[in-house]
2 protein chains.
Amino acid sequence: MAARPTMKDVAKAAGVSLMTVSRVVAGEAGVAPQTAARVEEAIRGLGYQRNDIARNLRRKAQDSRTIGLVVDDLANPFFSALARSVEDEAYRRGFLVLVGSTNDDPRRERDVVSAFSARQVDGLVLVPTGGNRAFFRAQMARGVKVVCVDRPATGLDVDCIAVDNRAGTATAIGHLLDRGHTRIAYLGDRQEIWTQNERFVGYTEAITEAGLEVDPVLIRHGLRGHRQAAAAIGEMMAGPNPPTAFFSGNDLITLGAVEAGACRRFGLVGFDDFVLADKLDPPISVVSQDPAALGRTAAQLLFGRIDGDNAAPRSVVLATRFIDRGSGAMAAGSTPVRGG
Amino acid sequence: MAARPTMKDVAKAAGVSLMTVSRVVAGEAGVAPQTAARVEEAIRGLGYQRNDIARNLRRKAQDSRTIGLVVDDLANPFFSALARSVEDEAYRRGFLVLVGSTNDDPRRERDVVSAFSARQVDGLVLVPTGGNRAFFRAQMARGVKVVCVDRPATGLDVDCIAVDNRAGTATAIGHLLDRGHTRIAYLGDRQEIWTQNERFVGYTEAITEAGLEVDPVLIRHGLRGHRQAAAAIGEMMAGPNPPTAFFSGNDLITLGAVEAGACRRFGLVGFDDFVLADKLDPPISVVSQDPAALGRTAAQLLFGRIDGDNAAPRSVVLATRFIDRGSGAMAAGSTPVRGG
DNA sequence: CGGCCTTCTGTGAACGTTCACAATCCGCGT
DNA sequence: ACGCGGATTGTGAACGTTCACAGAAGGCCG
């Protein structure tokens with residue numbers, strides 16, 4: 001309950017001026033050793049700790065040594081791995097990290113970023129929701145550096161780190177084509193999410209380049225969560241001329257596909273690797289990306305900006321890695337049909 | 001690059017005093033509507049945003065509306081789920097969350113907590129490492145509220161939310177005993193970790209209460225990660241009189257057990273549920289705890305303290321849930337042996 | 001028409017720290 | 001003895017905001 005001691009208290013206890021305490025705490029040279037010792041004893045005695053908030057206020061020229069990290073959902077392993085590597089990078093530089101989840105809700109994103117900015121963060125690592133373009137422009141005018149990760153903020157000219165979603169998807173589709181599949185279904189989350197749209201484009205391109213047609217019956221967007229994904233698969237498989245393979249646009253959908261098809265009824269390749277993918281029966285082939293690398297790169301870029309790098313916004317594209325575990329094979333009883 | 005506008009700038013632009021701006025920004029009553037309108041226009045024109053750091057400095061009586069969350073490893077799904085629910089609870093109350101991982105390293109824990117405290121956090125949700133007892137006492141003397149979660153801080157008299165690790169483990173062991181296992185091995189992480197030790201105690205009690213003896217050959221502590229766990233299992237199975245079932249003390253170890261025994265060579269029950277546990281062959285039975293509930297409860301307790309609750313420290317114990325998926329059964333070819 | 005209350009607005013100080021500069025002490029050269 | 005330079009320490013202002021209070025209008029009542 002006792003109020004925190006301030007430099008004033010320490011000064012009184014040590015019988016010196018407040019400024020001398022400040023100097024000792026800051027580790028500045030030019031304080032007589034005995035004086036410093038006396039001050040340090042007072043500090044220990046009172047349990048004094050510098051108030052970094054007041055400090056940052058005064059030395060305004062400098063930064064607040066805090067960054068904000070805004071992700072879609074911190075509980076999602078992909079984002080939490082990303083968050084951890086951002087935090088590690090910040091820790092190494094003596095920065096603190098404020099964290100917030102948006103739930104893919106532009107309003108909550110606004111709230112969170114606004115609160116961060118009011119706390120004078122030096123920069124932001126952001127997984128943008130898609131809205132709030134003008135809002136972010138205003139933030140940046142105020143000097144907050146922004147780096148996007150996983151997806152770009154549409155219409156906002158900032159650094160962005162993401163993987164090559166199209167190429168990664170094309171590889172996956174190519175793999176399925178190689179295994180004889182010609183009716184390959186696409187299952188994705190909401191198409192407004194940039195990554196989902198990119199993957200869908202990759203799918204479309206790969207299919208048409210192979211000389212096949214994109215059959216609208218085989219396309220499903222807007223699948224939120226594994227339940228809906230499993231249901232969608234059930235419907236497709238029950239329909240006429242069902243697909244022989246599925247491409248799933250994220251890990252949750254892949255999970256739904258696993259639920260729906262534990263019995264090897266179709267080929268499957270998913271975007272995003274996940275724990276135990278290799279222990280399932282069959283083991284699931286995936287397009288894998290490295291969230292830690294994304295986070296690390298984003299943080300490094302952000303700190304570069306904070307350190308004064310004013311070059312034109314950079315766009316960093318990391319590669320995906322296709323991991324073949326066998327789930328892309330043609331299922332035993334399925335009948336490949338050429339065309340649609 | 002332009003310096004952020006301050007209330008002074010807004011005041012000048014609107015032709016009023018700084019205090020009037022402050023009133024408008026704070027939404028206080030008692031400002032003439034026209035004046036308020038003029039001020040608000042100036043605010044929009046300049047893109048002004050209040051500096052909450054300066055604000056919190058002045059109204060020191062109040063809190064900084066920031067809490068710190070310190071976990072072992074944010075990338076671990078258990079802790080990230082916990083983190084997410086803490087963050088949600090904070091968001092609902094208009095608090096911000098500083099986050100840090102300790103990596104189970106007392107020094108890093110100290111660094112992080114110290115930096116948080118220097119930033120005047122109102123409270124801390126903490127997954128303690130085990131060291132730093134005196135350090136935390138000092139922090140609390142400064143008025144920082146601390147709530148421990150997942151494990152108590154030994155020798156520190158604060159609120160703590162955890163599950164009943166002993167009872168959960170005892171249930172798991174009982175389940176294995178019921179299925180005829182008499183040689184049940186224990187695989188745990190470092191015994192210095194409180195949860196691990198509790199689980200080990202639960203194991204020991206359940207075994208002895210069943211009239212069996214605890215065979216040191218079947219006990220392994222200090223397994224870090226799935227690799228070591230798989231190796232340990234390999235050794236035990238290769239030895240004389242091998243166990244017919246394993247209890248694994250955390251999810252990583254369970255993973256190692258899955259790797260080592262995909263072919264149903266032994267019974268298995270793990271502590272902590274994990275994604276896809278039900279999709280493996282065989283599906284894995286687990287003692288499940290709810291990290292989101294842990295986080296939510298911890299946050300609620302912390303905010304209670306921040307709001308002035310001075311009651312004696314509470315210890316909240318949440319129940320675990322045993323999920324029987326079948327992996328505890330006696331494997332086909334194994335020979336149950338009574339006694340050791 | 002004076003007094004007083006109400007409504008609105010402004011002033012000075014303060015939060016805890018650092019910056020820029022001034023003051024003090026000491027030794028030493030001339 | 002005088003002043004000068006270096007080392008050490010102190011003083012006042014400032015960062016951007018809010019608190020406590022004071023002042024300036026205007027209205028209403030007796």
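Naming convention: chains lettered A, B, ... in sequence-line order (proteins, then strands); numbering from 1 in each chain.
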Side-chain N or O of A:S17 closer than 4.0 Å to phosphate OP1/OP2 of D:dT11: no
Touch class at under 4.0 angstrom, heavy-atom based, for B:V31 against every strand present: sugar-phosphate
Nearest-nucleotide comparison on DNA chain C, the residue closer to the 5′ end among B:P33 and B:A54: B:P33
B:Y91 six-ring face occupied by A:R108 cation (under 6.0 Å, within 45°): yes
Any B:L98 side-chain heavy atom under 4.5 Å of A:V97 side chain: no
Below 4.0 Å: OP1/OP2 of C:dA14 and any side-chain N or O of B:R58: no
Between A:N132 and A:R137, a side-chain donor and acceptor under 3.5 Å: no
Polar side chain donor-acceptor pair, B:Q120 to B:T66, under 3.5 angstrom: no
Note: A:D122-A:R65 ion pair, threshold 4.0 Å (strictly below): no
So which protein nitrogen or oxygen atoms get under 3.5 Å of nucleotides 20-26 of chain C's nitrogens or oxygens?
none

Length of the CD-C1' vector between A:E28 and C:dC19, whole Å: 10 Å
Minimum-distance nucleotide (side-chain atoms of A:R55 versus C:dT17, D:dT9, C:dC15): C:dT17
Phosphate-side-chain proximity, B:T6 and D:dC15, N/O vs OP1/OP2 below 4.0 Å: no
Atom pair distance, as rounded to whole Å: CZ in B:R50 and C1' in D:dC15: 17 Å
Ion pair check, A:R44 and A:E41, cut-off under 4.0 Å: no
Minimum side-chain heavy-atom gap B:Y48-B:R4 below 4.5 Å: no
Rounded distance in Å - CG (A:D52) to C1' (C:dC15): 15 Å
Length of the CE-P vector between B:M7 and C:dG10, whole Å: 14 Å
Short side-chain N/O contact from B:T20 to OP1 or OP2 of C:dG10, under 4.0 Å: yes
Sugar-phosphate only, base, or nothing, as touched by B:I53 at under 4.0 Å among non-hydrogen atoms: nothing
B:R107 and B:T102: side chain donor to acceptor below 3.5 Å: no
5' precedence on DNA chain D between B:Y48 and A:L18 (nearest-nucleotide basis): A:L18
Whole-Å distance separating the NZ atom of A:K8 from the P atom of C:dC15: 5 Å
Touch class at under 4.0 angstrom, heavy-atom based, for B:V16 against every strand present: sugar-phosphate
Rounded distance (Å) that lies between atom C1' of C:dC15 and atom CZ of A:R4: 14 Å
d(CD, B:Q49; C1', D:dT17) in whole Å: 14 Å
Whole-Å gap separating C1' (C:dC15) and CG (B:D63): 15 Å
